[in-house]
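What follows is a set of notes on a single structure, which appears directly below.
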Amino acid sequence: MASNQSTWPVPPEPAPLSPDKRRAALGEIVVFIDGRTEAAGILEFVGVLAEEHRARLITVFMQPEPTITLAETFARGRGMLRVSELHRAELEQIEADFLALFENVVRRHGIRSESEWRSLPYLSSEVGVQAYYADVVVIAQPQPADQAARPPGLAESLVLTSGRPIIVFPPRSTVSRVRRILVGWNARRESIRAVADALPLLVKAEAVEVLVVDHERTAGHGQEPGADIARHLARHSVQVGVRRMSSGKEEVGHLLLSQAAAFGADLLVMGAYGHSQLSEWMFGSVTRTVLGEAGLPVLMSR
């Protein structure tokens with residue numbers, strides 16, 4: 001069972017940097033919509049994010065795989081043409097419905113002039129490229145979450161290989177504004193990268209908590225685990241505190257999620273960990289747990 005060891009605010013430091021020097025901002029946000037997943041929540045989330053940061057919002061619509069019935073597999077000649085026309089009309093209607101959602105969001109948030117809709121065919125090789133030049137990428141949480149042995153989907157591939165911060169958004173999440181953020185901190189490279197990538201969100205948050213779990217298992221924490229990164233964030237005017245915990249017998253991924261809920265977090269920030277096995281990337285257990293089970297948006301960097 002996890003135990004709470006200590007929590008404290010950040011010690012006073014010299015005056016923070018002037019606003020023009022410390023300000024971090026998102027300039028471009030890319031969101032992926034796959035045509036089969038509920039999109040109202042994720043579009044509202046990115047719409048609010050783009051409005052707050054005055055960022056350009058690019059929505060990449062990935063055309064879904066056509067639904068083919070058993071009878072259609074036997075079509076020949078003109079029947080094949082008819083089936084093709086029906087599928088094209090179906091896909092066009094699906095995209096039109098999602099586009100209407102998108103246009104409603106950008107209109108309500110006043111970002112129509114700073115928004116863009118891109119459409120890619122099913123299994124396009126250009127999907128991943130769309131993420132390369134974004135300040136942050138938002139994508140729906142992969143489903144089903146419990147099939148660890150299945151091939152990695154787009155969300156997993158982007159987290160591991162894009163080099164960009166990825167916000168994984170649960171389909172049933174109602175979060176629209178990020179006000180409270182929990183940072184999972186272990187002083188490793190991935191964690192450091194995640195905090196740096198999340199800085200534009202951290203500086204706008206009303207409250208941030210740095211959670212250090214089992215600090216004795218990793219080096220680099222210094223004399224007061226979590227204090228150095230908290231001081232760094234405080235110099236950017238982040239309202240931050242630190243909490244140390246021991247996981248005991250609880251799996252660390254589950255602990256992060258439970259503590260995020262206890263803190264009332266709108267966003268969890270953490271590094272994504274994985275290893276190469278037979279030329280394929282596999283997630284570490286903590287990353288896999290959070291990616292599959294999170295009920296709140298999670299920003300992951302690697």
Side-chain angles (χ1 to χ4, degrees), residues 1-10 37-38 40-42 44-46 48-49 52 136 138-146 148 155-156 159 165-186 190-191 194-195 197-199 201-215 217 225-226 229-230 233 238-273 283-301:
M1 182 176 179
S3 61
N4 186 351
Q5 293 184 344
S6 54
T7 180
W8 68 93
V10 179
T37 304
E38 168 61 40
I42 194 172
E44 180 65 19
F45 178 78
V46 295
V48 170
L49 203 60
E52 288 187 340
V136 68
V138 184
I139 190 167
Q141 185 181 48
Q143 298 291 326
D146 58 351
E156 296 98 322
V159 169
I166 310 296
I167 295 180
V168 181
F169 191 89
R172 292 177 297 278
S173 175
T174 58
V175 171
S176 58
R177 296 184 183 275
V178 176
R179 292 293 177 260
R180 297 178 66 83
I181 301 176
L182 182 73
V183 176
W185 178 254
N186 64 4
E190 293 86 350
S191 185
V195 170
D197 286 340
L199 191 59
L201 301 171
L202 294 167
V203 297
K204 286 182 174 290
E206 295 174 356
V208 174
E209 182 171 85
V210 174
L211 178 63
V212 184
V213 179
D214 298 335
H215 62 86
R217 295 184 181 181
I229 188 61
L233 292 175
V238 175
Q239 303 300 311
V240 60
V242 179
R243 182 183 298 272
R244 297 178 188 168
M245 296 192 74
S246 172
S247 62
K249 295 182 179 180
E250 186 173 2
E251 199 271 331
V252 174
H254 291 141
L255 179 60
L256 287 174
L257 295 177
S258 67
Q259 291 303 305
F263 183 62
D266 306 304
L267 181 73
L268 171 62
V269 172
M270 61 178 286
Y273 301 91
F283 279 119
S285 61
V286 175
T287 306
R288 186 168 58 250
T289 295
V290 173
L291 183 64
E293 300 181 21
L296 79 165
V298 180
L299 185 150
M300 291 186 171
S301 293

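Start at 1 with the first residue, then count along the sequence. For clarity, every value in this text was computed on a predicted model and none was experimentally measured. Only this structure's heavy atoms are used, side chains among them; waters, hydrogens and symmetry mates stay out.
- A distance of 9.5 Å separates CG in L182 from CZ in R243, rounded to the nearest 0.5 Å.
- Looking at V183 and L202, their side chains come closer than 4.5 Å, going by heavy atoms from C-beta outward.
- Listed for the S173 side chain is no donor-acceptor partner under 3.5 Å among the backbone atoms of F169.
- Here the closest non-hydrogen pair linking A294 and P170 is O-CG, 3.5 Å.
- Residues that satisfy the side-chain hydrogen bond (donor to acceptor under 3.5 Å, both in side chains) test with E206, not counting sequence neighbours, are absent from this structure.
- Evaluation of the side-chain hydrogen bond (donor to acceptor under 3.5 Å, both in side chains) rule for T37 yields D34 as partners, not counting sequence neighbours.
- The shortest side-chain heavy-atom distance between V286 and M270 falls under the 4.5 Å cut-off.
- Looking at every heavy atom in both residues, I181 comes nearest to L201 through CD1-O, 3.7 Å.
- How far NZ of K204 is from CG of L49: 9.5 Å, rounded to the nearest 0.5 Å.
- Between E52 and R179, at least one side-chain N (NZ, or NE/NH1/NH2) sits under 4.0 Å from a carboxylate O, which counts as a salt bridge.
- Of all heavy-atom pairs spanning F263 and V208, the tightest one is CZ-C, 4.1 Å.
- Using a 4.5 Å heavy-atom cutoff, the side chains of L268 and L257 are in contact.
- The shortest distance between side-chain heavy atoms of V175 and L267 does not fall below 4.5 Å.
- Within the 4.5 Å cutoff, the side chain of E250 has heavy atoms near those of the S258 side chain.
- Between V195 and I229, the closest side-chain pair of non-hydrogen atoms falls below 4.5 Å.
- In this structure, the separation between CD on E44 and CZ on R177 is 8.0 Å, given to the nearest 0.5 Å.
- You'll find the side chain of S285 reaches within 4.5 Å of the side chain of E251, heavy atoms only.
- Atoms CE and CG, from M245 and L211 in turn, are 6.5 Å apart once rounded to the nearest 0.5 Å.
- Here the shortest heavy-atom pairing between G184 and S191 reads O-OG, 3.3 Å.
- In this structure, CZ on R288 lies 10.0 Å from CD on E293, to the nearest 0.5 angstrom.
- Nearest approach of L299 to A198, heavy atoms of both residues: CD1-CB, 4.1 Å.
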Take D266 and L296 through the side chain to side chain contact (heavy atoms under 4.5 Å, CB included) test and state the conclusion after the steps.
-> CA-CA 6 Å; D266 306 304; L296 79 165; over 6 Å; no
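- We find the OG-CD1 distance between S176 and I42 to be 13.5 Å, quoted to the nearest 0.5 Å.
- Heavy-atom minimum distance, P142 versus V168: CD-CG1, 4.0 Å.
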Decide side chain to side chain contact (heavy atoms under 4.5 Å, CB included) for V213 and L255; before the verdict, give the C-alpha distance in whole Å, the side-chain angles of both, and the deciding distance to 0.1 Å.
-> CA-CA 9 Å; V213 179; L255 179 60; 3.7 Å; yes
In sequence, state the C-alpha distance, the side-chain angles, and the governing distance for L233 and V210, and then conclude on side chain to side chain contact (heavy atoms under 4.5 Å, CB included).
-> CA-CA 10 Å; L233 292 175; V210 174; 4.3 Å; yes
Quick one: do T287 and M300 satisfy side chain to side chain contact (heavy atoms under 4.5 Å, CB included)? Show the steps, please.
-> CA-CA 9 Å; T287 306; M300 291 186 171; 3.9 Å; yes
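- Between I166 and I139, some side-chain heavy-atom pair lies under the 4.5 Å cut-off.
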